Amino acid sequence: MKRTGVFICHCGINIAGTVDVKKVAQELSQHPGVVHAEDYVYMCSDPGQNLIIQAIKNKKLDHVVVACCSPNLHETTFRNASTAAGLNAFRCEIANIREQCSWVHKDKSKATQKATKIIKSTVEKVRRNESLEPLSVPVTRRAMVVGGGIAGIQAALDLANSGFEVILVERSPSIGGHMIQLSETFPTLDCSQCILTPKMVEVSKHPKVRLMTYSEVEEVSGYVGNFKVKILKKPTYVDKDKCNLCDECSIVCPVVVPNEFDLGLTGRRAIYIPFPQAIPASYTLDIKACPGLLPIACGKCADVCDAKAIDYDMKPQVLEEEVGAIIVATGYDLYDKENMAEYGYGKIPDVLDGLQFERLCSASGPTKGQILRPSDQKEPKEVVFIQCSGSRDPENHCAYCSKICCMYTIKHAMLYKHHVHDGQAYIFYIDIRSGGKGYEEFVQRAVEEDGVLYLRGKVSKIFEENGKVKVWGVDTLTGKPIEIDADMVVLAQAMRPSKGAQELAKKLKLALDKDGFLSEAHPKLRPVESVTSGMFLAGAAQAPKDIPEAVAQASGAAAKAITILSQERLFHAPTVAKVFTNLCTGCGMCVQVCPYDAITLKDGKVEINEVLCEGCGTCSATCLRSAIQVKNLSQNQVHEMINACLGG
Amino acid sequence: MEKILTKKALPQWVKTLTSYKVYFPKKDQENRWNYLEVGAEDMNLDFLNTTLPPKKLLFPQNEVFLEFFESTDGNQETLEVKEILPGEEPTVIFGVRPCDARAAWLLDKVFSGDFTDPYYWKRRNQTILVGLGCDTPPWENCFCLSVEGSPYSEEGLDILLTDLGNRYLVKSLTENGAKLIQPGKALFQEANPEDQKKAKTIQAESVKKIKRQLKNARGISAKLKGMFDSNIWDEESMSCIRCGICTYLCPSCHCFDINDEVDSTSPLEGKRVRTWDTCQFPDFTMHSSGHNPRPEKASRLRQRLFHKFRYFVENYDKFQCVGCGRCISLCPVGIDIIKVLDKVNEHGT
Amino acid sequence: MARIEDLKEEARKLLREGKLKYIIGYAMGSNGWMANPVFIKKPEEVDKLIWDPTCVHNLTRFLVDEKRRKAKEKQPDTRPVGIIVKGCDSRAIVVLLQEKFINRNDVYILGVSCEKAGVVDDHKLVKKLKGKKPKKIELGDKGQFIISTDEGKIEFPVGELLAERCLECKANFPVIYDVLSGEKIKKTLEKPFGSLEKIEALSAEERWNFWKAELDKCIRCYACRSVCPMCYCDECVIDSINMAVTADTSAEEKAQKIKWVQRSPEASENFVYHLVRAIHLGGRCIDCGECERACPLDIPLRFLNKKLEKEAQELFGYEVGFDPAQPSLISCFKDDDPEDFIR
Amino acid sequence: MAEEFEPKIVAFLCKWCSSAGSDLAGVSRMEYPPNVVPIQVMCSGSISPLYIFSAFNKGADGVLVSGCHPGDCHYIKGNLYARRRLNLVKRLLEYVGLEPQRFQMSWVSAAEGTKYTQIIKDFVKELKPLGPQAKLRRK
């Protein structure tokens with residue numbers, strides 16, 4: 001007969017208040033196989049744990065049930081206590097009689113009955129548990145960071161500086177992300193490029209970092225500590241080691257296409273360097289724009305290149321790499337102006353979005369830092385800034401708040417005033433969200449020092465009329481309609497997950513939230529872990545964030561990754577599926593349902609890869625002959641638990 | 001003593017049997033007969049034979065032997081056990097075919113001897129079998145004559161009825177039979193010689209109507225001796241699907257299994273139950289070691305025939321087969337015990 | 001209707017050349033009119049083969065025995081087994097292939113097409129003949145069954161004697177075969193699940209009473225699962241007593257076996273047994289009707305399996321037994337599977 | 001007057017969403033009837049039809065299976081297999097005459113303590129008028 005011990009926690013009055021713990025202990029002591037049952041005010045306290053340890057030793061207990069709070073809280077505590085007393089951790093189970101009983105019921109006798117049933121069924125389970133030791137696997141001690149924006153760069157640097165190799169994958173020709181496009185940053189107004197470029201250089205020069213720009217993740221397999229990734233390196237057709245940035249090629253290039261870096265405010269050639277400080281510092285031949293790679297098609301660039309850096313025969317490469325952890329920092333894109341019917345579908349040249357305005361303000365921008373309207377290059381005297389453009393609008397656009405618009409709009413208004421002293425800046429807002437260090441002060445400064453005019457309300461319509469951009473709106477404070485003949489309108493467009501993030505999520509088996517941002521494992525307690533162990537999230541890929549938050553999360557993600565990479569071996573829960581070979585007929589249904597490809601069919605029988613198996617048990621419910629079951633949650637155990645739940 | 005009862009009077013007689021539980025054969029929509037407690041409207045005996053023999057009433061498919069409950073006090077565990085015996089329930093079964101009664105008579109031998117089975121006998125002793133002779137064979141596969149029975153055999157019966165058209169010739173064979181007639185004796189007339197003569201001719205005629213015949217039944221048991229390892233078992237069992245029809249529906253098959261049917265493991269609570277079992281199930285002789293001395297269906301078919309035509313003959317000098325033909329008529333794949341035994345006759349030495 | 005003569009020559013040839021281990025087919029039974037399974041090993045025995053409307057059995061059931069036998073053999077004879085299959089039976093082969101229970105080259109499929117007819121239902125026949133004993137049943141060319149009895153020939157329109165499942169047949173010719181006799185005549189079903197309507201129309205309580213009455217009859221002779229080609233498990237989950245033990249089965253493994261169902265044939269246990277069987281046949285049953293035919297107490301088991309076939313089709317657009325490559329019903333899903341029943 | 005019938009309900013909760021959701025209900029001190037005894041499983045995908053039949057066979061008046069919303073499954077797609085499998089089970093049970101209310105399935109996320117509470121309240125409310133489940137229960 002098994003010797004099971006049951007320990008019932010009062011949790012002060014949290015449990016004892018609604019559950020008659022004495023009675024429960026009494027009942028359980030009657031339960032066959034239970035040789036010890038006691039209650040104590042705080043089982044998780046040291047004296048409480050000692051009770052358990054002593055009882056295990058003195059009463060030679062071989063199984064332990066602790067009836068207390070949710071296993072998520074103290075399972076580890078009590079399993080450690082059991083091991084301290086020489087019991088295998090898996091011979092200790094938690095019966096949750098707080099969250100799922102005492103806290104949700106008032107009727108004491110009924111709550112007591114229910115608690116008893118919960119504990120009895122846990123006793124029936126635990127007495128059928130087998131001793132298990134964690135499975136361990138070696139760790140590949142390198143990481144991959146996807147996305148070369150500020151978050152990706154920061155994460156890569158933190159990892160590299162901790163001594164781990166990092167592969168930094170960026171799909172565009174240069175790292176830097178959106179931050180490199182910004183002119184100044186709130187609330188300090190220091191120059192974005194000036195603070196970012198040093199980091200870009202550092203990461204590119206770091207001996208531990210392997211930079212892979214113009215590359216995309218093709219495929220990810222494996223599991224935490226042992227991922228196998230395939231990375232597609234797209235051809236730039238320019239040998240960056242030979243290229244001396246003489247720019248001859250782009251001068252002769254006959255093709256002009258909109259410049260992504262300036263968000264279409266300027267053009268670029270088919271062969272181009274994204275921006276002067278681009279890293280890697282090299283030209284890229286945009287094959288989509290190029291008339292053709294054959295010299296007969298064009299070939300001008302190759303002709304003029306003295307460095308002979310241009311190689312039309314460059315082929316795409318697929319590199320296979322092994323990494324132990326992955327950080328996803330794929331960032332954001334702005335919600336397309338084209339979606340804004342009320343604001344002229346982005347067809348009005350002088351209606352810009354936030355990033356375009358950043359470029360206008362930027363010294364390296366199309367206007368060399370002067371604010372001129374795209375339509376006629378005149379200085380705009382009246383500029384209307386519209387917040388929440390596409391945000392907080394569940395009916396037509398995005399339901400969520402994009403978080404940073406309030407601040408950058410203020411910054412924009414300020415920058416505008418600093419360039420055009422006699423100009424007037426209006427800001428349409430729903431309300432100002434300026435939570436953050438120095439943010440509120442920043443807002444005040446804009447209003448007091450720069451006389452930015454805040455209009456509370458929404459803009460109903462924007463249209464062009466004799467060279468002006470007419471803005472119709474309502475001041476919801478005064479209730480008066482507002483009409484402004486603006487020279488320029490700047491829309492604080494909502495933040496969206498960057499294009500392609502969804503496909504990537506599929507490849508990485510990551511979950512997305514309803515808005516398409518990557519889901520964290522827990523909204524509060526695991527904000528940087530993804531649902532897949534060994535993969536972490538950083539930056540705006542997870543939710544709208546400003547720079548300091550993105551950087552903080554990046555460092556957090558790096559730290560989390562390091563908790564894996566710093567291990568020699570990783571330990572994997574041993575509660576995995578097991579096959580009863582003599583019952584298996586090899587129909588392979590379990591192979592089809594396994595989400596982790598952990599089951600394989602070998603000469604008529606299936607086999608489990610215990611490291612890949614996460615123990616979900618979907619296979620066991622699928623098997624028609626119960627030939628595959630999860631250790632320590634076998635069908636037999638569930639059967640007995642059902643019995644105990646319904647007994648009495 | 002022989003009496004006459006008109007068919008019209010039959011229900012009236014039954015009504016006088018107030019102290020008994022009364023069963024009659026009843027037909028379902030698929031024309032299958034079954035022994036059930038019926039209302040007056042169904043108290044007639046114009047039937048063929050039931051799918052399930054009356055065995056189910058004497059030797060029910062599940063019989064609770066005892067109930068047990070565990071109670072625990074700290075380390076002190078006590079197990080309470082309560083024996084269950086069939087209750088007092090005098091029973092009459094009308095329309096038992098002579099072959100099925102004969103089977104009961106064979107079961108009597110099985111459940112007595114060195115060990116008397118209290119459960120069986122409790123039922124047997126309080127059950128009266130009113131037989132109905134077969135003027136025409138109820139199944140096309142009847143072969144009672146070949147196994148020392150007959151359409152009017154009397155073994156195992158308390159009363160034998162012979163259908164004389166609109167009347168029954170009622171022959172009481174035991175005290176129980178006589179007792180049964182008592183309450184309604186007003187309904188019976190003495191049988192006159194013509195009636196008896198008519199019955200004789202009907203019985204003689206009926207024998208001729210039996211189509212199927214098993215040759216040399218007595219010789220078979222000797223022949224089987226040498227055929228344990230014969231390959232005819234493989235051939236004949238090729239189409240067997242290892243179901244329990246031939247044995248569960250056999251009036252004389254009596255193998256059983258005893259299980260503890262646990263309703264709750266803690267506190268331990270349950271019953272010890274005897275249920276029918278059959279040599280045709282793969283687990284019948286399965287050892288806990290996993291070894292099975294009768295691993296494939298050939299050995300199971302062999303066991304069935306050896307038991308009926310050799311072992312039983314050796315033990316009781318009777319066939320453990322009454323020739324009712326159910327196993328032939330109801331086998332889903334047409335395995336025919338007569339055909340198989342004919343083969344035994346050919347091959348055997 | 002297919003002609004067996006078309007197949008006999010092929011059968012003789014294959015056996016003569018030793019290409020086949022044996023052929024599973026139909027022969028006249030000892031009761032003189034009804035077909036029964038037969039196993040033909042020698043070319044000269046081929047003449048035993050028959051094909052008529054009494055060939056009700058689904059012979060693929062015997063492929064299960066064959067696999068078990070082969071597993072026991074020291075040097076297994078790996079030659080394929082010949083088997084005569086109707087349309088329905090052929091779908092069973094498809095499922096066995098789908099579940100990798102057999103390989104395509106384990107079987108040589110001699111297909112027979114039912115064309116416009118099918119097989120007879122013995123109950124319907126008995127009722128029609130009112131006591132007369134059938135001697136032979138043929139399919140007439142005017143779509144009628146011709147039954148010879150001692151009292152002469154009687155004719156009935158096919159529809160009146162066809163087995164229920166034939167009336168709702170989805171494949172009246174084999175969907176997979178090596179040789180085929182008879183024509184592939186597509187027939188259209190306006191009500192593929194019509195037979196279920198009368199039960200579905202009942203109230204929950206009436207349905208309960210219906211099934212209670214039926215399943216109370218069950219004596220658990222297990223003919224239903226024994227005759228079923230899909231019930232090929234070495235051990236059924238509801239038999240907890242005969243764990244398919246081997247020398248190296250650990251005590252713990254034996255202990256893992258559960259008594260889902262008690263052996264006593266009580267209503268509750270009978271229900272659980274038949275529910276488990278039904279759900280395990282969901283997306284696998286090809287409606288050969290054998291369980292219902294074999295049942296000595298005429299429990300309408302077909303109505304259980306047909307129901308799940310219907311749900312599989314209506315809920316998930318899943319058709320059983322046509323494509324060996326498709327995943328099993330419950331080992332796949334669609335993103336838009338219905339979830340109206342989920343809160 | 002006899003004591004009101006209190007249905008016995010077994011609830012299979014997946015560890016990651018529904019059990020966490022029911023924990024949240026506790027943390028938020030929501031109140032619901034004590035008729036439900038939870039059994040925590042790793043994933044709704046691991047719920048074998050046998051569990052449900054067996055629960056009714058052992059006298060459950062109602063059975064609840066609750067898992068993660070589609071797309072949220074900790075094991076990516078276990079709940080979608082469950083959705084298909086248990087739909088068939090539900091149809092079958094109803095087909096043999098079990099009251100539809102007795103077997104329920106729900107999606108409850110770790111954040112939906114309120115929803116879990118509501119589901120239990122409704123479940124108990126719907127079961128009370130039906131009385132004890134005797135159809136599949138072993139006497």
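Below, chain A is the first sequence line, B the second, and so on; all start at residue 1. Please read these numbers as outputs of a predicted model, since none were measured by experiment.
- Looking at B:Cys331, neither its backbone nor its side chain comes within 4.5 Å of chain C, counting heavy atoms on both sides.
- Between C:Glu45 and C:Lys42 there is a salt bridge, since a side-chain N of the basic residue sits under 4.0 Å from a carboxylate O of the acidic one.
- Electrostatic pairing of C:Lys70 and C:Glu73 does not count as a salt bridge here, judged by no charged N lying under 4.0 Å from a carboxylate O.
- For B:Trp276 and B:Phe256, the gap between ring centers reaches or exceeds 6.0 Å.
- Ion pairing between B:Lys215 and B:Asp342 holds under the 4.0 Å rule for side-chain N and carboxylate O.
- At a 4.5 Å heavy-atom cutoff, the contact between B:Leu52 and chain C is made by side-chain atoms alone.
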Checklist entry - Taking it one step at a time, do B:Met238 and C:Ile24 satisfy side chain to side chain contact (heavy atoms under 4.5 Å, CB included)? => result CA-CA 10 Å; B:Met238 277 294 270; C:Ile24 312 172; over 6 Å; no

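- Using a 4.5 Å cut-off between heavy atoms, B:Gln29 contacts chain C through both its backbone and its side chain.
- For C:Phe62, the part lying under 4.5 angstrom from a heavy atom of chain B is the side chain only.
- By number of non-hydrogen pairs under 4.5 angstrom with chain C, the leading residue of B:Asn292, B:Thr51, B:Ile328 is B:Thr51.
- Neither the backbone nor the side chain of C:Arg225 comes within less than 4.5 Å of any heavy atom in chain B.
- B:Asp135 is not listed as a side-chain neighbour of B:Glu205, based on a closest heavy-atom distance of 4.5 Å or more.
- For B:Phe281, the part sitting under 4.5 Å from any heavy atom of chain C is the side chain, from C-beta outward, and nothing else.
- The local environment of NZ in C:Lys72 is crowded, with over 12 non-hydrogen atoms from other residues, nucleotides or ligands closer than 6.0 Å.
- Taking chain C as the reference chain and counting heavy-atom pairs below 4.5 Å, the highest number among B:Val64, B:Asn31, B:Thr247, B:Asp277 is found for B:Asp277.
- Salt bridge absent: B:Asp260 and B:Lys271 never bring a charged side-chain N and a carboxylate O closer than 4.0 Å.
- Only the side chain of B:Glu140 comes within contact range of chain C, with heavy atoms under 4.5 Å apart.
- The part of B:Val273 that comes within reach of chain C is its side chain, from C-beta onward, which places non-hydrogen atoms under 4.5 angstrom from that chain.
- For chain B, the option among C:Glu266, C:Lys217, C:Arg293, C:Lys133 with the highest count of heavy-atom pairs below 4.5 Å is C:Arg293.
- No cation-pi contact links C:Arg220 to B:Tyr248, judged by a cut-off of 6.0 Å to the six-membered ring centre and 45° from its axis.
- At a 4.5 Å heavy-atom cutoff, the contact between B:Leu249 and chain C is made by side-chain atoms alone.
- Residue B:Arg32 touches chain C through its side chain alone, counting heavy-atom pairs closer than 4.5 Å.
- Neither the backbone nor the side chain of B:Lys56 has a heavy atom closer than 4.5 Å to any heavy atom of chain C.
- C:Tyr22 touches chain B through its side chain: at least one heavy atom from C-beta onward sits under 4.5 Å away, while N, CA, C and O do not.
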Next on the checklist: Show, in sequence, the C-alpha distance, side-chain angles and deciding distance for B:Gln303 and B:Arg294, and conclude whether the side chain to side chain donor-acceptor pair (under 3.5 Å) test is met.
Outcome noted: CA-CA 9 Å; B:Gln303 168 61 21; B:Arg294 295 193 203 121; 3.2 Å; yes

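- Heavy-atom distances place the backbone of C:Cys295, and not its side chain, under 4.5 Å from chain B.
- Considering only heavy-atom pairs separated by less than 4.5 Å from chain B, the leading option among C:Ala294, C:Pro265, C:Ala223, C:Gly29 is C:Pro265.
- The residues C:Asp239 and C:Arg263 are annotated as not salt-bridged, no charged nitrogen and carboxylate oxygen being separated by less than 4.0 angstrom.
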